[in-house]
A.B. asks: 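I am attaching a structure below and will ask some questions about it afterwards.
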Amino acid sequence: LKIARIHIDNRMFQGGSVMNAIRSGLNLKPTSMDFDINFETYQQSNVKSGYKRKIMRKEVPVCTLPSSNPSIRVEHSIFKYKNQKGDFLYEITRRPDLSQRTLYIFNDNVAHHDTCLAGGGNANIRAFNRFSPMTRPVRSAGVNTGWSTSSGGFDALTDDVKARLDLDFIELHALLATGAYSRIVYSGDAKDPSSKKKLGTGIFNVHPDVKAYIVSNFRMLEGATPASLIARDF
């Protein structure tokens, strides 16, 4: 039995899934349009004794009640040169005509995920993620392609890797559910620029199954709306 709990403005709501818990919380009329959401998911491993083993805790501190319900477009982008279209940092900082209502997805690593430290490659936009005290709305979100810079990329799509990626997707969905975005953009494979099914990676050597799993989750967001994401179960 999976149990999800969230905390909104220091009040706890519970449901059979993360989004069920969010739905019960969103039935409130909060005093502020901005509120913190903390996720706690438990797996009940012994029904008779009622023992609950905590398996996940995730904080997403920038959720807002959606003021609009845009349909999400999912696009891949090919990096060619700095300071040109395809350079996420350039688009965010110098091309508002390209970056308006866009959430940029960068290749992250678990060790640095919960920071706003700029990294290498497209992780140079980590500074614009939800952990940055200066960035509102959030402009970037990291999806992990490895545990750390020292260990390198994920070399297999193991259960642990899938569980870690699923946390990233919950975080991504919660951001999109705010209604602040109409488009997400991820890095495509420069070796096959026309393919929407391939993830571009530069620093890490990532197993093809991992990259395929990541992109498939991106593509499933095509046409989603904040309302549909709030209604979606995990």
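Each residue takes its place number in the sequence, starting with 1.
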A.B. asks: Out of curiosity, F128 CZ to Y104 OH, how far, rounded to the nearest 0.5 Å?
C.D. replies: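 F128 atom CZ to Y104 atom OH measures 11.0 Å (nearest 0.5 Å).
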A.B. asks: Given side chains that start at C-beta, do those of Y186 and V143 come closer than 4.5 Å, heavy atoms only?
C.D. replies: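 Side chain of Y186 against side chain of V143, heavy atoms only: no contact under 4.5 Å found.
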A.B. asks: Counting distance only, does the side-chain N/O of S228 pair as donor-acceptor with the main-chain N or O of A224 below 3.5 Å?
C.D. replies: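 No, the answer is negative, given that no donor and acceptor are paired below the 3.5 Å cut-off.
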A.B. asks: Counting distance only, does the side-chain N/O of H76 pair as donor-acceptor with the main-chain N or O of D189 below 3.5 Å?
C.D. replies: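 Checking the backbone N and O of D189 against the side chain of H76, no donor-acceptor pair under 3.5 Å is found.
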A.B. asks: For the residue pair T149 and H112, establish whether any side-chain heavy-atom pair is separated by less than 4.5 Å.
C.D. replies: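 Of all side-chain heavy-atom pairs linking H112 with T149, at least one is under 4.5 Å.
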A.B. asks: Donor-acceptor pair, distance only, cut-off 3.5 Å: does the side chain of R139 make one with the backbone of S99?
C.D. replies: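 Such a contact is found between R139 side chain and S99 backbone.
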A.B. asks: Any pair with a residue in residues 151-163 that passes side-chain hydrogen bond (donor to acceptor under 3.5 Å, both in side chains), sequence neighbours left out, goes on the list, sorted by first then second residue, please.
C.D. replies: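 Only S148-S151 qualify under side-chain hydrogen bond (donor to acceptor under 3.5 Å, both in side chains).
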A.B. asks: Would T102 and E91 satisfy side chain to side chain contact (heavy atoms under 4.5 Å, CB included), going step by step from the backbone distance to the final call?
C.D. replies: CA-CA 10 Å; T102 298; E91 293 189 21; over 6 Å; no
A.B. asks: I'd like to check K85 versus R95 (side-chain heavy atoms, cut-off strictly below 4.5 Å). Are they in contact?
C.D. replies: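 A side-chain contact is absent here, since even the closest heavy-atom pair is not under 4.5 Å.
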A.B. asks: Any heavy-atom pair between the side chains of W147 and V161 that's under 4.5 Å?
C.D. replies: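 SC-SC contact between V161 and W147 confirmed.
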A.B. asks: Let me check something: any side-chain donor-acceptor pairs from residues 199-214 under 3.5 Å, sequence neighbours excluded? List them with distances.
C.D. replies:
{"unit_1": "H207", "atom_1": "ND1", "unit_2": "D209", "atom_2": "N", "d": "3.0"}
{"unit_1": "Y213", "atom_1": "OH", "unit_2": "D166", "atom_2": "OD1", "d": "2.7"}

A.B. asks: Would a 4.5 Å heavy-atom cut-off, applied to side chains only, mark R94 and N83 as touching?
C.D. replies: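 Side-chain contact under 4.5 Å: yes.
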A.B. asks: Do L221 and H173 have side chains that approach each other closer than 4.5 Å (heavy atoms only, starting at C-beta)?
C.D. replies: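 The answer is yes; the side chains approach within 4.5 Å.
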